[in-house]
Amino acid sequence: MTIKITGTGSELPEKIVTNFDMQELVETSDEWIRERTGIAERRISTGETVSSLSAKACQKALEMAGKAASEVELIIVATCSPELLLPCCACQVQDMIGASNAAAFDMNAACSGFLFALNTVNAYLQAGIYKNALIAGSEVLSKLVDWTDRGTCVLFGDGAGAAFVEASADDAVYDNGRKAGLECMVQGSDGAKGMVLSCAERPVNNAFVSEKQTVNPYIQMNGQEVYKFATRQVPACINKALDKAGLCVDDVDLFILHQANVRIIESVAKRLKADIAKFPMNLDKVGNMSSATIPVLLDELNRSGKIKKGDRIVLSGFGAGLTYGASVLVW
Ligand code: UT7
């Protein structure tokens with residue numbers, strides 16, 4: 001038994017916000033943002049929600065897979081910016097797409113969310129509990145961003161990506177000797193460093209608390225600490241995953257990394273001694289969409305024919321938590 005991603009989809013808000021637009025809001029420049037991050041523009045919601053974006057991305061993934069919504073058995077939405085605490089976003093998506101036979105729940109591993117959801121789905125499918133699952137990574141980070149804080153507001157964007165994953169009994173080996181499926185994964189967390197990238201929820205101000213508390217409801221980040229974490233941890237966990245699978249960097253065709261900063265991706269490529277051409281990027285157009293970055297890029301590459309059957313892909317994410325992970329799969 002193996003698992004296959006048989007459909008991908010993505011959905012972005014309509015509004016494009018360029019670095020020049022950002023110059024009107026905070027003391028920044030197109031040059032600074034491009035040089036330090038690689039971002040030129042991002043999509044920002046003017047009403048699209050995490051669930052509406054997820055539902056559209058999921059529908060596209062289902063269409064590509066040629067499946068009806070009623071056939072979906074499990075829906076996991078990875079998000080850290082749902083519009084509601086209850087019900088969860090995955091249940092809203094279930095209703096929107098009409099997947100009435102699915103179990104649905106959300107998962108929050110921030111920017112590693114889609115990857116952690118994929119690994120969870122792999123475990124469910126391998127255990128024979130479900131035969132298929134829809135996974136979305138979806139964020140409307142623009143509502144969590146302090147639009148007066150130039151250190152964070154220029155980085156993030158809104159959007160959603162999705163994948164339909166199926167259990168497959170097809171053990172066929174491709175001409176290159178590889179078999180489709182998830183070959184190996186590594187996940188990790190470092191909660192002790194969690195507060196370097198945080199966003200508060202409502203404080204405990206119930207009827208029994210005498211001194212009411214207030215919190216800053218926006219994303220707060222020590223960018224340099226996150227940068228150091230990512231540039232060390234991402235190559236280390238990719239190497240660990242490849243070691244586990246008995247593979248080396250040269251056995252990989254594409255590295256689809258969380259799109260946070262072009263300098264982080266270049267540094268990872270350098271540390272791995274891998275050709276930067278194997279690291280596709282789209283963050284110039286969409287910015288950092290947290291859990292949505294990996295599935296949106298995956299969908300872009302899939303639809304444009306840049307991923308071929310038999311290609312070996314490494315997906316790797318890192319983010320708030322702190323969380324990180326790498327999965328090796330053959331398409
Ligand atoms: O999904 C994970 C999410 N987080 C990340 O990926 C963050 C990882 N970290 C980064 O990508 C980088 O640390 C940043 C892009 C956030 C910042 O780049 P940096 O090269 O580490 O800049 P810095 O924080 O060291 O700041 C350098 C200067 C500072 O000014 P002074 O103190 O040298 O006068 C900042 O105040 O740049 C200033 N600065 C800005 N200037 C213009 C910070 N943000 C901006 C801005 N425009 N938007």
Side-chain angles (χ1 to χ4, degrees), residues 17-42 44 78-81 108-116 137-142 144-161 187-191 193-199 218-235 237 256-271 279 281-284 286-297 315-326:
V17 174
T18 66
N19 290 347
F20 298 100
D21 297 323
M22 297 303 301
Q23 286 179 196
E24 305 296 315
L25 296 176
V26 287
E27 202 183 326
T28 190
S29 64
D30 175 57
E31 193 190 0
W32 191 97
I33 303 171
R34 275 179 199 268
E35 271 178 16
R36 302 284 179 124
T37 72
I39 299 165
E41 59 188 46
R42 70 288 288 144
I44 297 295
T79 184
C80 60
S81 55
N108 178 1
C111 309
S112 310
F114 179 81
L115 195 67
F116 280 32
S138 180
E139 307 287 0
V140 176
L141 296 171
S142 57
L144 302 181
V145 160
D146 176 355
W147 287 92
T148 64
D149 174 17
R150 68 177 182 172
T152 53
C153 72
V154 301
L155 305 175
F156 298 106
D158 301 333
Q187 291 181 166
S189 302
D190 187 356
K193 296 209 187 87
M195 294 314 284
V196 301
L197 176 48
S198 67
C199 185
Y218 299 114
I219 290 174
Q220 295 177 71
M221 183 177 74
N222 180 334
Q224 287 186 358
E225 284 302 315
V226 179
Y227 190 96
K228 273 192 261 170
F229 160 75
T231 50
R232 279 186 206 139
Q233 201 55 262
V234 174
C237 80
I256 301 180
L257 265 48
H258 170 49
Q259 304 282 298
N261 186 319
V262 69
R263 290 188 296 139
I264 292 177
I265 297 170
E266 284 167 356
S267 165
V268 171
K270 203 167 161 196
R271 283 180 191 229
F279 292 71
M281 295 183 222
N282 66 354
L283 80 172
D284 57 326
V286 289
N288 178 349
M289 301 179 292
S290 189
S291 69
T293 62
I294 291 177
V296 168
L297 182 54
L315 305 178
S316 182
F318 67 90
L322 298 167
T323 57
Y324 55 91

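Being a predicted model, the structure only gives us computed values, none of them experimental. In each ligand, atom 1 is the first atom listed, and ligand 1 is the first ligand listed. All heavy atoms count here, side chains included; hydrogens, waters and symmetry mates do not.
Summary of contacts: the protein heavy atom closest to atom 20 (O) of ligand 1 is Arg36 NH1, 2.8 Å. When only non-hydrogen protein atoms are considered, atom 10 (C) of ligand 1 lies nearest to Asn261 ND2, 3.7 Å. Given atom 24 (O) of ligand 1, the protein heavy atom at minimum distance is Gln224 NE2, 4.0 Å. Given atom 4 (N) of ligand 1, the protein heavy atom at minimum distance is Met221 SD, 3.2 Å. Shortest contact from atom 30 (O) of ligand 1 to any protein heavy atom: Arg150 NH2, 4.1 Å. The closest protein non-hydrogen atom to atom 9 (N) of ligand 1 is Gly223 O, 2.9 Å. In this structure, atom 39 (N) of ligand 1 lies nearest to the protein heavy atom Trp32 CZ2, 3.4 Å. Counting only heavy atoms of the protein, atom 5 (C) of ligand 1 lies nearest to Val226 CG1, 3.7 Å.
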**Request:** Could you give me the CA-CA distance, side-chain angles and deciding distance for Val268 and Leu257, then say whether side chain to side chain contact (heavy atoms under 4.5 Å, CB included) is met?
**Result:** CA-CA 9 Å; Val268 171; Leu257 265 48; 3.8 Å; yes
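With a 4.0 Å cut-off on non-hydrogen atoms, Thr28 touches ligand 1 through its backbone as well as its side chain. Using a 4.0 Å cut-off between heavy atoms, Asn288 contacts ligand 1 through its side chain alone, with no backbone atom that close. Only the side chain of Arg263 comes within 4.0 Å of ligand 1, counting heavy atoms alone; its backbone N, CA, C and O stay farther away.
Taking the charged nitrogens against the carboxylate oxygens, Glu225 and Lys228 do have a contact shorter than 4.0 Å, which makes a salt bridge.
In this structure, atom 14 (C) of ligand 1 is not in close contact with the protein, since no protein heavy atom lies within 4.0 Å of it. Of the protein's heavy atoms, none falls inside 4.0 Å of atom 34 (O) of ligand 1.
The N/O atoms of Thr37, backbone and side chain alike, include none that comes under 3.5 Å of an N/O atom in ligand 1.
Among pairs with a residue in residues 25-34, those fulfilling salt bridge (charged side-chain N to carboxylate O under 4.0 Å, His left out) read Asp30-Arg34, at least two apart in sequence or across chains.
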